[in-house]
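Below you'll find the structure, written out as structure tokens, and then a few comments.
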Amino acid sequence: MAQAASKTCEICLSAPGSQYCLECEQYYCENCKSLHKRQTLSTNHQFQHASELIPEGKSRCSQHKEEFNLMCNTCNVPVCTSCVTGNHNGHKFSKLVDVIAQLRGENEKNIRDKTNEANQNITKIEVSLKSFDNDVESVIKAIVDQSNNIKRMVDKSVFKMIALVREQSTKEKDKLMKILSAAKSTLVAGQNLDRRRKDLDKTRPDKTMVQQINKMKEEISKLDIDSLPEFPKISFDCKAVTEDDIRQLIGSNTLR
């Protein structure tokens, strides 16, 4: 393995290249290393002391067997110094190390931007999920509240309907009770007349018999039997209600 003393700084080409940039694959002297670290594109480059690690070698041009030191901006390929006057004559060039540093910086920025965007999306999704869960709970509560409100109205309506049925039925029953009372009174009167008739039949005929029988006949004729009215009837017609009717009555939800 070659010694660090045999290497020269590849930037200033004068001082010993005691430091090796792992990203640029170049030897730097202490001064050039400091300048390199101050640049924005290469501030994060890692260095190792040349005595600790000397790389096997850098990529070389297969045509000229020289190291790739330049980047052909026209063809977007790395080239050596001999390529500048050869196949790439007249093209525009940049230092390969600068291009690599720029590309690495762009990649770093792009990755950072993508990860930041992904983090922002994750935050938005998490916030949206929490908001959606809250909306779901609100919808469920609204359905329950509406259901309870409808139940209260149903109970109130049922109570009123039952009260009306009882009121109407009481009136009709009172009428029937009066008719029943009258019929019972007529029955008692008829039974009393019948007992008197039987008692009269058992007595011996005399001059007052005809008068008593005629009087009884007159009382019997006055005993009126009222004709019965049409008796009241009550029934209930159930309205057909489906589960869909109930759902429509409660309301509906929308999901976008």
Side-chain angles (χ1 to χ4, degrees), residues 10-11 19-28 30-49 52-53 55-61 67-79 83 88 91-157 240-256:
E10 297 182 66
I11 305 303
Q19 299 292 326
Y20 185 77
C21 178
L22 299 177
E23 281 77 8
C24 300
E25 297 183 335
Q26 284 185 314
Y27 288 96
Y28 287 75
E30 293 293 341
N31 185 49
C32 289
K33 172 190 173 183
S34 298
L35 294 174
H36 191 58
K37 295 285 286 184
R38 291 196 195 104
Q39 296 178 9
T40 302
L41 295 177
S42 57
T43 185
N44 294 323
H45 285 194
Q46 300 295 318
F47 282 83
Q48 277 192 304
H49 198 278
E52 297 175 359
L53 175 65
E56 294 295 333
K58 295 185 289 187
S59 301
R60 295 179 178 274
C61 174
E67 293 178 349
F68 288 128
N69 293 319
L70 300 173
M71 183 74 180
C72 178
N73 296 329
T74 304
C75 302
N76 197 29
V77 294
V79 295
C83 291
H88 299 271
H91 293 182
K92 294 182 179 180
F93 300 93
S94 299
K95 284 187 177 182
L96 183 60
V97 61
D98 293 338
V99 173
I100 291 175
Q102 180 181 353
L103 291 174
R104 286 174 174 169
E106 290 175 356
N107 286 343
E108 182 181 356
K109 181 180 181 302
N110 289 337
I111 291 174
R112 190 186 311 113
D113 291 343
K114 294 293 183 181
T115 53
N116 288 339
E117 185 177 358
N119 283 328
Q120 291 174 2
N121 287 343
I122 290 173
T123 301
K124 290 179 180 179
I125 293 172
E126 290 175 344
V127 171
S128 178
L129 281 172
K130 184 176 181 179
S131 176
F132 184 70
D133 286 340
N134 292 335
D135 290 343
V136 169
E137 293 302 320
S138 297
V139 168
I140 292 175
K141 184 179 183 300
I143 292 173
V144 172
D145 290 344
Q146 179 69 348
S147 173
N148 290 334
N149 185 42
I150 291 174
K151 289 176 182 177
R152 285 191 294 269
M153 289 190 291
V154 169
D155 291 341
K156 185 177 180 180
S157 297
V241 180
T242 65
E243 291 185 3
D244 187 60
D245 293 332
I246 300 298
R247 286 193 293 269
Q248 293 297 325
L249 183 63
I250 293 175
S252 61
N253 64 280
T254 56
L255 180 62
R256 294 182 285 107

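Not measured: the values here are computed from a predicted model. Only this structure's heavy atoms are used, side chains among them; waters, hydrogens and symmetry mates stay out.
- The side-chain contact (heavy atoms from CB on, under 4.5 Å) test applied to V77 returns C72, C75, V79, H88, not counting sequence neighbours.
- Distance check, rounded to the nearest 0.5 Å: CG of D145 to CD1 of I150 gives 11.0 Å.
- With values rounded to the nearest 0.5 angstrom, C24 atom SG is found 10.5 Å from K95 atom NZ.
- A donor-acceptor pair under 3.5 Å is formed between the side chain of T115 and the backbone N or O of I111.
- Heavy atoms of other residues, nucleotides or ligands lying less than 6.0 angstrom from CG of L255 number 12 at most.
- In this structure K151 satisfies the side-chain contact (heavy atoms from CB on, under 4.5 Å) test together with S147, N148, sequence neighbours excluded.
- A salt bridge links R112 with E108: at least one charged nitrogen is closer than 4.0 Å to a carboxylate oxygen.
- Not counting sequence neighbours, the partners of N149 by the side-chain contact (heavy atoms from CB on, under 4.5 Å) test are Q146, R152, M153.
- Annotation: the span from E10 atom CD to Y20 atom OH amounts to 8.0 Å, rounded to 0.5 Å.
- In this structure, the separation between OG on S42 and CZ on F47 is 7.0 Å, given to the nearest 0.5 Å.
- Note on residues 244-256: pairs passing side chain to side chain donor-acceptor pair (under 3.5 Å), not counting sequence neighbours, are T242-D245.
- Taking the side chain as every heavy atom from C-beta outward, D113 and E117 never approach each other to under 4.5 Å.
- The distance from the CG atom of D135 to the CD1 atom of I140 is 11.0 Å, given to the nearest 0.5 Å.
- Rounding to the nearest 0.5 angstrom, the gap separating the CZ atom in R104 from the NE2 atom in H45 is 5.5 Å.
- Scanning all heavy atoms of the two residues, the minimum distance from Q48 to L22 falls at OE1-CD2, 3.6 Å.
- In this structure the side chain of H49 reaches within 4.5 angstrom of the side chain of Q19, judged on heavy atoms.
- Residues that satisfy the salt bridge (charged side-chain N to carboxylate O under 4.0 Å, His left out) test with D133, not counting sequence neighbours, are absent from this structure.
- In the displayed structure, K37 atom NZ is contacted under 6.0 Å by more than 12 heavy atoms of other residues, nucleotides or ligands.
- Looking only at distances, no side-chain donor or acceptor of Q46 sits under 3.5 Å from a matching main-chain atom of E23.
- Among residues two or more places apart in sequence or in another chain, the side-chain contact (heavy atoms from CB on, under 4.5 Å) test is passed with L41 by A101, Q102.
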